[in-house]
Number of protein chains: 4
Amino acid sequence: MLDSVKATVEDPALVRSRRAQLVAAAIALFNRQGFFSTTVKDIAREAGFSAGLIYQYVGDKQDVLFLALQKIVETNKERIPAALEGVTDPLARLVTAIEAYCRVLDANGDAVLLTYRESKSLKQAHKDALKQLERETNAMLSACIEDCIASGWLRTEKVELLTYHIVVVAHAWALKHWRLREITTLDEYIRLNVHSAWQACLTPQGKRHQVRLQAGAQSAR
Amino acid sequence: MLDSVKATVEDPALVRSRRAQLVAAAIALFNRQGFFSTTVKDIAREAGFSAGLIYQYVGDKQDVLFLALQKIVETNKERIPAALEGVTDPLARLVTAIEAYCRVLDANGDAVLLTYRESKSLKQAHKDALKQLERETNAMLSACIEDCIASGWLRTEKVELLTYHIVVVAHAWALKHWRLREITTLDEYIRLNVHSAWQACLTPQGKRHQVRLQAGAQSAR
Amino acid sequence: MLDSVKATVEDPALVRSRRAQLVAAAIALFNRQGFFSTTVKDIAREAGFSAGLIYQYVGDKQDVLFLALQKIVETNKERIPAALEGVTDPLARLVTAIEAYCRVLDANGDAVLLTYRESKSLKQAHKDALKQLERETNAMLSACIEDCIASGWLRTEKVELLTYHIVVVAHAWALKHWRLREITTLDEYIRLNVHSAWQACLTPQGKRHQVRLQAGAQSAR
Amino acid sequence: MLDSVKATVEDPALVRSRRAQLVAAAIALFNRQGFFSTTVKDIAREAGFSAGLIYQYVGDKQDVLFLALQKIVETNKERIPAALEGVTDPLARLVTAIEAYCRVLDANGDAVLLTYRESKSLKQAHKDALKQLERETNAMLSACIEDCIASGWLRTEKVELLTYHIVVVAHAWALKHWRLREITTLDEYIRLNVHSAWQACLTPQGKRHQVRLQAGAQSAR
DNA sequence: GATGAATGAGGCTTCATTCAT
DNA sequence: GATGAATGAAGCCTCATTCAT
């Protein structure tokens, strides 16, 4: 993963830390101004080092974009397992995973928009790498769904289609944030829009199980 | 609408036709290469005239982007009323509007992606104009929903939120086309993902009415 | 003179009138914006006809500049004989010629500046033509001076040098107008600066004659 | 003074030396071809570096013009005090200052013409800065004149008007050089035209003092 | 390893000039 | 004769990338 981008500097620890600076600066700027309107010097200044140095850790301006988008997608991917830690009930896991996912997107805000907006500018290999990462993230949601199906709580024709339904509605919170924040809140959005995406697929037993879970959550407070 | 972009040529018919050429060329290229990687000369060549001529019909390269995005959004907006022509039953109207909308997006394909990707590069006034157009398109779906509510077929807390749910799932077909086309078809996507967005809101009467409608459609074939 | 600039239109009366329009427009614009910052379209618009038409009366944008500068210099040249009409006394003729010259320059204002500023942009033949015209104008002043010398009123080593002295001090009124108008008036400037240029050359008889003339002018009022 | 033009390079010594190259190249070219007919690439080539580099030392092509004109006017301004070094007699100082001024103008030749020709193209702030510099130069001549008045050698109604008289006659040597060099020499021009500008203002004592000075100069040889 | 001055290709835009109507 | 749309060369300027220090 690291080697898909070339660095001339040897020390891998240094490479990692420099690239972290680089990527943080890049994400901030790409969000603010977009990829093309951000100059390499902008990135260098924001990252706190000289323009020339960038080319010791990256082959290309495009590589910076790739590292930035990769960082964003990886962050998304890491948060879900963290949130699922300790949760065992399949339906509870699905709910938890979705909520975690939505809240990462909300926090990362326009980074999501960034992946939609600027992916076009990547070389094909990098595009593919990102799509693969996204698939892996989605696979975690799909796994939760399949567990629910195995438990008899859910029924659906195509798991991945349902996954995508959830994913895009979640993404939409970031993509259409300019309008949605005027008419609702994140919590309401999750409840009304995101969760509704899969509730139509609940089996009768699933529904009963859900009621039980909510009652438990209620009394647990 | 026309005057938000300045032309030095007087004849409005000529302005219209030249701009149509321009916009067609621009949409094709922006889809292929993105806004920033497309040069003004590229556009001129694709449109079939000289580079200088562009500036008789447009003040700016950005203006071309605006005209292109505007064209896309307007096309979306025009197809819905056309499809609704002659349909009177509120629920049938909702279904028809949604299907029409999805099929325009499918046809215009990556143009939708374009609006997400490149809107950033517009001047604020142009961004606002596009958002207004989008709101107007959405309002047509909202109106269908409200008719269904008035008829007692649907119930929902926030009409516009439901509208956005539908809209983003529809857009997702274009945004995630690279993956979705591998796992489903447009028809299935509409049935499983788009329509499911509102069916959770059907009232019992609504459900019965829907069954009746589908039976009618069946026998009409 | 006319033929140093080519016209495709035959009718000489038309050529004259069109060119007059052209030149008037050009002088106004060149004064305001300079030669290079004035576009051919600007000139056409100011003159009240289409851009293409200019090329029927002129070969070049440079030709317009030449016609404009020529017009200015010719105007200067024509006013002096007009003012001298009926004046016979040599010293009175000199005074009259200088005053006339200064007042034309004051009226034509920045046109003078124009000849200094933009002559550089002319083709050599046109530069020469203008210098010749300027020499002819100066020759009229020189003639007055020589008459005064012949009458014994003036004495100077080099007539043309004295002429130039007068000319440049007169031009300075236009060239340094931005500052001079803050510290004096045209009348005072003529009295203190322009006329002083030659009064050092008056012979004793010349001085006496001058006193007589002024007394005459006084009593004539 | 330096900061009225922006540079992205930090090192002030480098800025100074690069700008000196730039200005030297620019003055040569502007004299030869005028400001508008000189391209930025021309300047770069003449200065001996790449086109892009110019924009590290200057914001604009116009800024180059400003620096060039500023350099010219400043040179004029610096030579006068240098020439006055050690001269104490007020009348001698006036004569010395004028001669120094004329000889700078003669050496800088067409640079003077440049200030008349191209000032138009400057932004207002830069125009004002140059006018201020010119005023300061003139003030040095005015001071000499006032000393002479205080000593009783000269009498004049308006000191600054007399200063301008001297200045423009001196400038004329550069402006009308194409003709004047045909009919006279610099020395004769200074004697007959420039100095005559103020000799009419000599008081009787002033005249006597002048004779004494010249006698002294004579015997000193 | 780090700096930042230097390079130079290439983009957007203007505008003198032509030419079909 | 007049119009003004169309052409295309060329200018200014930006910026990714290199390289001497």
Side-chain angles (χ1 to χ4, degrees), chain A residues 7-11 14-15 18 36-45 48-64, chain B residues 7-11 14-15 18 36-45 48-64, chain C residues 7-11 14-15 18 36-45 48-64, chain D residues 7-11 14-15 18 36-45 48-64:
Chain A
T8 57
V9 171
E10 303 286 321
D11 178 4
L14 188 53
V15 170
R18 284 299 196 200
F36 282 101
S37 302
T38 300
T39 68
V40 172
K41 271 191 171 152
D42 286 342
I43 301 173
R45 193 180 322 112
F49 44 66
S50 74
L53 192 55
I54 289 187
Y55 291 88
Q56 306 245 320
Y57 296 95
V58 129
D60 225 48
K61 190 190 172 190
Q62 274 201 18
D63 286 346
V64 179
Chain B
T8 62
V9 171
E10 302 286 326
D11 179 6
L14 187 53
V15 171
R18 283 300 196 199
F36 282 101
S37 303
T38 300
T39 70
V40 172
K41 271 187 173 157
D42 286 342
I43 301 173
R45 193 180 323 111
F49 44 62
S50 73
L53 193 57
I54 289 188
Y55 291 87
Q56 305 241 335
Y57 295 97
V58 127
D60 228 48
K61 191 190 172 192
Q62 276 200 19
D63 285 346
V64 179
Chain C
T8 57
V9 170
E10 304 285 321
D11 179 2
L14 189 52
V15 170
R18 284 299 196 200
F36 283 101
S37 302
T38 300
T39 68
V40 172
K41 271 191 170 151
D42 285 342
I43 301 173
R45 192 180 323 111
F49 46 65
S50 74
L53 192 56
I54 288 187
Y55 291 86
Q56 306 245 320
Y57 295 96
V58 128
D60 225 48
K61 189 189 173 192
Q62 276 201 17
D63 284 348
V64 179
Chain D
T8 62
V9 170
E10 301 287 325
D11 180 7
L14 188 53
V15 170
R18 284 299 196 200
F36 282 102
S37 303
T38 300
T39 70
V40 171
K41 273 187 174 157
D42 287 343
I43 301 174
R45 192 180 323 110
F49 43 64
S50 73
L53 192 57
I54 289 187
Y55 292 89
Q56 305 239 336
Y57 296 96
V58 129
D60 227 50
K61 191 191 172 191
Q62 276 200 19
D63 285 347
V64 179

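Any value given below was found using the heavy atoms of this structure, including those in side chains, with hydrogens, waters and symmetry copies removed. Here is the naming used below: chain letters follow the sequence lines, and residue numbers restart at 1 for every chain. This structure is a prediction, so every number in the text was calculated from the model and none was measured.
The nearest whole Å value for the distance from the OH atom in A:Tyr55 to the P atom in F:dT17 is 4 Å. Between the P atom of E:dG11 and the CG atom of B:Asp42 lies a distance of 8 Å, rounded to the nearest Å. F:dG8 atom P lies 14 Å from atom CD1 of B:Ile54, rounded to whole Å. Going from atom CD1 of B:Ile43 over to atom P of E:dC12 covers 8 Å, rounded to whole Å. Rounded to whole angstrom, the span from the CZ atom of D:Arg18 across to the C1' atom of E:dG4 amounts to 13 Å. Rounded to a whole Å, the CZ atom of B:Phe36 is 10 Å from the P atom of F:dC15. The interatomic distance linking B:Gln56 (CD) with F:dT3 (P) rounds to 17 Å, in whole Å. A straight line from CG of D:Leu53 to P of F:dT14 spans 14 Å, rounded to a whole angstrom.
At the phosphate of E:dA2, OP1 or OP2 sits under 4.0 Å from a side-chain N or O atom of A:Tyr57.
For the ring pair (Phe, Tyr, Trp, His ring centres under 6.0 Å) test, residues two or more places apart in sequence or in another chain that qualify with D:Phe36 are C:Phe36.
A:Glu10 comes within 4.0 angstrom of sugar-phosphate atoms only, judged by non-hydrogen atoms across all strands, and of no base. Among the protein residues, C:Arg45 comes within range of no part of the nucleic acid, since none of its heavy atoms lies under 4.0 Å from any strand. Residue contacts for B:Ser37: at a heavy-atom cut-off of 4.0 Å it reaches no nucleic acid atom on any strand shown. Contact annotation for D:Asp60: backbone-only contact, meaning every heavy-atom pair under 4.0 Å involves sugar-phosphate atoms and none involves a base.
Base pairing of F:dT21: its partner is E:dA2, meeting the Watson-Crick or G-U wobble criterion (both donor-acceptor distances under 3.5 Å).
For D:Leu14, taking side-chain heavy atoms from C-beta onward, the closest of the listed nucleotides E:dG11, E:dA6, E:dT3 is E:dA6. Closest to the side chain of A:Ser50, out of E:dT13, F:dA16, E:dA2, is E:dA2. When the nucleotides E:dA16, F:dT17, E:dT7 are ranked by their closest atom to the side chain of A:Val40, F:dT17 comes out on top.
Comparing A:Lys61 and D:Gly59 against DNA chain F, the residue whose closest nucleotide sits nearer the 5' end is D:Gly59. A residue-by-residue look at C:Lys41 and A:Thr39 shows that C:Lys41 has its nearest nucleotide of DNA chain F further toward the 5' end.
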